[in-house]
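Counting begins at 1 with the first residue of the sequence.
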Amino acid sequence: MRLKSYFAASVESALQTASRELGEDAMLVYSRESSPEARHLGRYEVVFALPESARSAASAAARPEPASESSPSPRLDAVFLDQIGQEMKRLRKALETARPRIAENVVPRSIQDLDLPPADVEYLLGELDERLGDIRRASDAVIQRHLRSVLRAAIRTDSRIGLTEGSRQVVVLAGPPGAGKTTAIAKLAAQHALFKKRPVHIVSMDGLRIGGCEQLATLAAILGVGFTAVDTSAGLDRTVREHSGKDLILVDTAGVGPKEWPAVEDLAASLRANERVETHLTLSASAKTADLLSAVQRFEAFGPARLLFSRLDETLSCAGVWSVARQTGLPLSFVSDGQQIPENFHPATASGIIDGVVGAGENDEGAEDSVEQPGVLART
Ligand SMILES: Nc1nc2c(ncn2[C@@H]2O[C@H](COP(=O)(O)OP(=O)(O)OP(=O)(O)O)[C@@H](O)[C@H]2O)c(=O)[nH]1
Ligand SMILES: [Mg+2]
């Protein structure tokens with residue numbers, strides 16, 4: 001058995017060259033992006049195995065026929081055309097099967113199954129390559145074992161809130177319409193005022209919409225905590241000054257879709273610049289990952305410091321949550337997994353999120369939910 005590498009700009013063109021040169025007995029062993037040293041030879045390296053018996057046939061096939069002085073024989077032409085026909089059939093078959101085989105060879109099944117965006121798949125392959133040498137040689141069981149800790153190391157959590165070390169007095173929830181902001185404010189207010197007995201004040205900046213703030217005003221009355229509706233960032237500043245003795249000021253904002261954006265640009269800029277404000281970008285875990293990442297880009301204007309995810313009860317996978325947390329570098333603060341106030345609301349934990357990505361598994365020894373590095377969107 002002999003191994004032979006073909007380098008080309010695409011896997012398909014390497015397949016074509018190889019099948020021309022090596023014949024039908026050549027077997028595709030694996031394909032991958034070329035190493036940096038071999039990149040000048042072609043972007044992909046496709047490796048074939050050729051059995052000894054086939055080698056002599058292949059070299060005979062590659063050897064040119066001796067030139068004939070006589071006119072071309074019609075029988076030879078027919079044989080030649082038949083050979084081309086066979087070759088075309090074989091190539092078509094090879095190309096039809098090439099894509100799934102390439103995918104299986106390059107991206108292990110355990111990573112493909114996570115259904116992550118290409119940037120995250122690339123990240124995971126790089127991290128696993130670093131730990132395991134070449135992951136294409138690692139069994140799926142070994143990959144699974146390391147995958148959990150690689151996933152975990154990529155995200156951070158931080159559920160400190162209010163006037164405690166490392167967090168700010170004013171917590172603003174901002175996000176797309178229907179993301180679960182008002183419900184999350186209600187849950188936070190109930191947990192902190194009722195159970196932790198901390199002085200809390202609720203502010204609604206959703207007063208312009210009919211019924212935008214009634215729900216929170218009613219809840220504040222039930223909890224016995226203060227409530228103010230404000231329309232502008234100047235109004236918010238005033239309220240924060242008036243309630244500076246409170247431990248936690250929770251601010252609900254109106255949902256902002258792509259079309260409403262111009263109307264909130266000033267508010268976003270002023271919240272971003274406010275030293276006392278900590279904005280938690282609130283997103284639905286059941287939204288498509290691409291839509292979540294596009295919302296993250298829009299809400300960068302608010303200078304979010306954390307991520308809060310609702311509707312964990314409505315999705316089978318936390319892959320989107322993990323992807324957004326990794327790509328933004330922002331810590332996850334809380335997760336909501338139902339409509340019940342205040343029960344369905346919990347501090348985010350890395351192990352909980354990873355369970356939601358790859359299924360429940362053993363906790364990584366010594367792994368802690370971390371808060372150290374600043375995220376790319378985090379306030380500087
Ligand atoms: N299943 C489920 N439903 C939720 C969750 N969080 C909120 N909801 C429901 O989602 C709906 C919208 O929630 P809201 O809290 O009003 O969302 P919002 O972001 O304030 O919406 P806007 O103010 O319109 O932008 C309500 O019916 C909530 O009960 C959750 O974690 N799981
Ligand atoms: Mg709301």
Side-chain angles (χ1 to χ4, degrees), residues 157-175 178-207 209 211-230 235-236 238-255 271 274 276-285 304-314 321 331-353 356 369 371:
T157 55
D158 186 355
S159 52
R160 292 172 299 176
I161 201 168
L163 283 179
T164 43
E165 195 192 335
S167 69
R168 301 171 189 221
Q169 182 187 26
V170 184
V171 169
V172 172
L173 298 198
K181 301 175 292 297
T182 306
T183 312
I185 291 274
K187 290 169 175 175
L188 277 168
Q191 289 189 352
H192 284 264
L194 275 188
F195 306 137
K196 299 191 178 170
K197 310 275 183 224
R198 292 172 78 179
V200 171
H201 191 81
I202 299 176
V203 178
S204 172
M205 296 195 83
D206 196 8
R209 216 168 41 143
C213 63
E214 271 83 10
Q215 191 191 351
L216 281 181
T218 309
L219 179 98
I222 293 169
L223 293 176
V225 304
F227 173 84
T228 313
V230 300
L236 176 64
R238 213 171 27 251
T239 307
V240 168
R241 270 198 308 277
E242 282 166 16
H243 296 275
S244 59
K246 299 277 166 60
D247 201 358
L248 180 60
I249 298 176
L250 292 164
V251 184
D252 187 29
T253 59
L271 289 174
N274 192 328
R276 282 169 141 172
V277 166
E278 182 174 81
T279 298
H280 294 220
L281 174 54
T282 307
L283 297 166
S284 164
R306 316 251 189 106
L307 297 167
L308 189 159
F309 273 93
S310 67
R311 294 203 168 83
L312 264 78
D313 55 312
E314 286 184 356
V321 176
L332 293 154
S333 56
F334 297 93
V335 291
S336 163
D337 58 359
Q339 303 193 55
Q340 294 302 314
I341 300 171
E343 293 89 347
N344 300 140
F345 198 70
H346 319 276
T349 62
S351 50
I353 300 300
D369 287 347
V371 292

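The side-chain hydrogen bond (donor to acceptor under 3.5 Å, both in side chains) test applied to D247 returns R198, not counting sequence neighbours. Scored by the side-chain hydrogen bond (donor to acceptor under 3.5 Å, both in side chains) test, S333 finds H280 as partners (sequence neighbours excluded). Applying the ring pair (Phe, Tyr, Trp, His ring centres under 6.0 Å) rule to F345 yields the partners F334; only residues at least two apart in sequence or on another chain are considered. Taking the side-chain hydrogen bond (donor to acceptor under 3.5 Å, both in side chains) definition, one finds that T182 meets it with D252, sequence neighbours left out. Applying the ring pair (Phe, Tyr, Trp, His ring centres under 6.0 Å) rule to H243 yields the partners H201; only residues at least two apart in sequence or on another chain are considered.
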Show me, pair by pair, the donor-acceptor contacts under 3.5 angstrom made by side chains of residues 212-220, not counting sequence neighbours?
{"unit_1": "E214", "atom_1": "OE1", "unit_2": "G211", "atom_2": "N", "d": "3.4"}
{"unit_1": "T218", "atom_1": "OG1", "unit_2": "E214", "atom_2": "O", "d": "2.9"}

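The backbone N or O of A179 lies less than 3.5 Å from a partner atom in the side chain of S310, making a donor-acceptor pair. A donor-acceptor contact shorter than 3.5 Å links the side chain of Q169 to the backbone of S244. With hydrogens and angles disregarded, a donor-acceptor distance shorter than 3.5 Å links the side chain of R306 to the backbone of D158. The backbone N or O of A193 lies less than 3.5 Å from no partner atom in the side chain of K196, so there is not a single donor-acceptor pair.
Interatomic distance, I249 CD1 to L236 CG, rounded to the nearest 0.5 Å: 8.0 Å. Atom CD1 in I202 sits 6.5 Å away from atom CG in L250 (nearest 0.5 Å).
In this structure the side chain of V240 never reaches within 4.5 angstrom of the side chain of N274, judged on heavy atoms. For the pair V225 and H192, the minimum side-chain heavy-atom distance is 4.5 Å or more. Side-chain contact between T183 and Q339 is absent, with no heavy-atom pair separated by less than 4.5 Å.
When all heavy atoms are compared, the tightest approach of A184 to L308 is CB-CD2, 4.2 Å.
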